[in-house]
Amino acid sequence: SVFFFFSSRRRHTRYISVTGVQTCALPISEVVTNRISGGRLGGLLNVRDTILPALQKQVDQLAATVINEVNQQNRLGFGLDGTTSNDFFDPISASATASSKNTGTGAVVAVVSSAASLTFDDYQLSFAGGNYTVTNLDAGTSTTAVYSNPTVVTFEGIQLTISGAPLAGDTFAISAHKGAAANMEVAITNTDKIAASSTAAGVPGDNLNALSLISIQDKALTPLDGSTINGFSSAISGSVGSSLRANRQELEGQQLLDDQLQQLRATVSGVSLDEEMIKLIQFQRVFQAAARLIGIADEMFETLVNLKR
């Protein structure tokens, strides 16, 4: 028998009773996701929580780098209308996301202070003992200082304005590339603003800045770990293809193992119709032999009785 018991005084406890099994109590709020490591469900959770976020980060870093590099170069040139300092794409924006576990009332506003200094790494802002710490999660470096309300801190092209009353243990995720791929949009609506010329005097006819824009694809870029745009993109595609092939091979291996185990199980506990038929024939022959023996014994006994008479 199985029953569930919910107590109004202990709403966080679920009791499960199974005949022949020791009674146990599990908290309703317990998340069992971390206990699932195998099978189809485990694979789907791994894709959702590990593989896709890592790929999304790389794609966002690639998009953010393209946006930032093209915009910086386009600002240096002049368009056919004589204007300069125009962004080709919508500019990069920084974000600060509070952890759902925060208990304080701290607030953080993040903006890009220097596009040329952006690294597109992941950062974490944390609070402890009246101090705040900014940690570069990719490089493993950090900076700690005393917090006072409000505080403005600038690092690697990002400026944070911290206010309110954050408590120890509160954290914020800081990024200048999150969502860059999804939000990538061309800002220029008038082609005369494309900065093809390197000088105002060169309009029209000078295409030196246009050549510089084209050459960006061949530059080794620091935010892409020293790779070119094409090289980084190819590395992402290659990584996905390699992981897919490895997972398919592992799946095939597991399927073969499962087939072998199923066959082994069948040899131990399975039923063979041929073997059962042979056994039935054997039992039939034994019965016939026993019946024949009894018949012979009866005939001999009858003969002996007649002889005595």
Side-chain angles (χ1 to χ4, degrees), residues 1-7 10-63 100-101 122 137-138 178 181-182 224-225 227 230-297:
S1 61
V2 179
F3 68 89
F4 296 88
F5 174 73
F6 296 90
S7 171
R10 302 182 66 182
R11 295 180 180 178
H12 298 291
T13 303
R14 173 178 61 192
Y15 294 92
I16 305 174
S17 179
V18 182
T19 301
V21 181
Q22 184 178 1
T23 302
C24 61
L26 297 174
I28 294 176
S29 60
E30 181 180 0
V31 178
V32 299
T33 302
N34 294 333
R35 298 189 179 187
I36 303 173
S37 59
R40 182 179 180 84
L41 184 56
L44 292 174
L45 289 173
N46 184 50
V47 170
R48 185 196 69 177
D49 299 335
T50 305
I51 297 177
L52 285 183
L55 288 174
Q56 185 63 59
K57 176 183 176 180
Q58 290 180 312
V59 173
D60 282 339
Q61 286 176 322
L62 177 61
S100 59
K101 298 180 180 179
D122 285 327
L137 299 178
D138 294 321
K178 185 177 181 179
L224 302 182
D225 298 328
S227 298
N230 289 335
F232 194 79
S233 176
S234 298
I236 295 176
S237 300
S239 175
V240 173
S242 176
S243 297
L244 180 60
R245 181 178 181 180
N247 287 329
R248 283 179 174 173
Q249 290 176 341
E250 184 176 358
L251 176 60
E252 292 174 356
Q254 292 297 322
Q255 288 175 336
L256 290 174
L257 178 60
D258 181 70
D259 292 341
Q260 291 176 352
L261 291 175
Q262 292 291 346
Q263 293 175 1
L264 180 61
R265 179 175 179 270
T267 58
V268 175
S269 62
V271 176
S272 174
L273 295 179
D274 293 337
E275 290 180 1
E276 296 300 320
M277 180 60 70
I278 292 173
K279 289 181 180 179
L280 285 175
I281 293 174
Q282 289 176 342
F283 292 147
Q284 183 181 14
R285 294 291 186 265
V286 171
F287 178 80
Q288 290 174 345
R292 180 62 177 164
L293 178 62
I294 294 173
I296 293 174

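The first residue of the sequence shown is numbered 1, and numbering continues consecutively from there.
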| query | Of the options Val59, Leu224, Leu62, which is the one that meets Ser233 in a side-chain contact (heavy atoms from CB on, under 4.5 Å)? | reply | Leu62
| task | For Ile296, enumerate each residue passing the side chain to side chain contact (heavy atoms under 4.5 Å, CB included) test, keeping only those at least two apart in sequence or located in another chain. | result | Arg292, Met300
| said: Taking side chain to side chain contact (heavy atoms under 4.5 Å, CB included) as the definition, give me every residue that meets it alongside Asn230, ordered by chain and number, with sequence neighbours left out. | reply: Gln217, Thr228
| said: By the salt bridge (charged side-chain N to carboxylate O under 4.0 Å, His left out) test, which pairs, at least two apart or in different chains, include something from residues 234-258? | reply: none
| message | I'd like to know if the side chain of Ser243 reaches the main chain of Ser239, judged simply by a donor and an acceptor atom lying under 3.5 Å from each other, with no hydrogens or angles considered. | response | yes
Side-chain atoms of residues 39-57: list all donor-acceptor pairs with protein atoms under 3.5 Å, sequence neighbours left out, distances to 0.1 Å.
from: Asn46; atom 1: OD1; to: Thr50; atom 2: OG1; distance (Å): 3.4
from: Gln56; atom 1: NE2; to: Asp60; atom 2: OD1; distance (Å): 3.1
from: Gln56; atom 1: NE2; to: Asp60; atom 2: OD2; distance (Å): 3.4
from: Lys57; atom 1: NZ; to: Asp122; atom 2: OD2; distance (Å): 3.0
from: Lys57; atom 1: NZ; to: Asp138; atom 2: OD1; distance (Å): 2.7
from: Lys57; atom 1: NZ; to: Asp138; atom 2: OD2; distance (Å): 3.3

| said: If you count heavy atoms of other groups shown closer than 6.0 angstrom to CD of Glu275, is the number above 12? | reply: no
| Contact summary for Phe232 and Gln61, nearest pair of heavy atoms | CZ-OE1, 4.2 Å
| said: Checking Leu257 now: which residues fulfil side chain to side chain contact (heavy atoms under 4.5 Å, CB included) with it, not counting sequence neighbours? | reply: Gln254, Gln260, Leu261
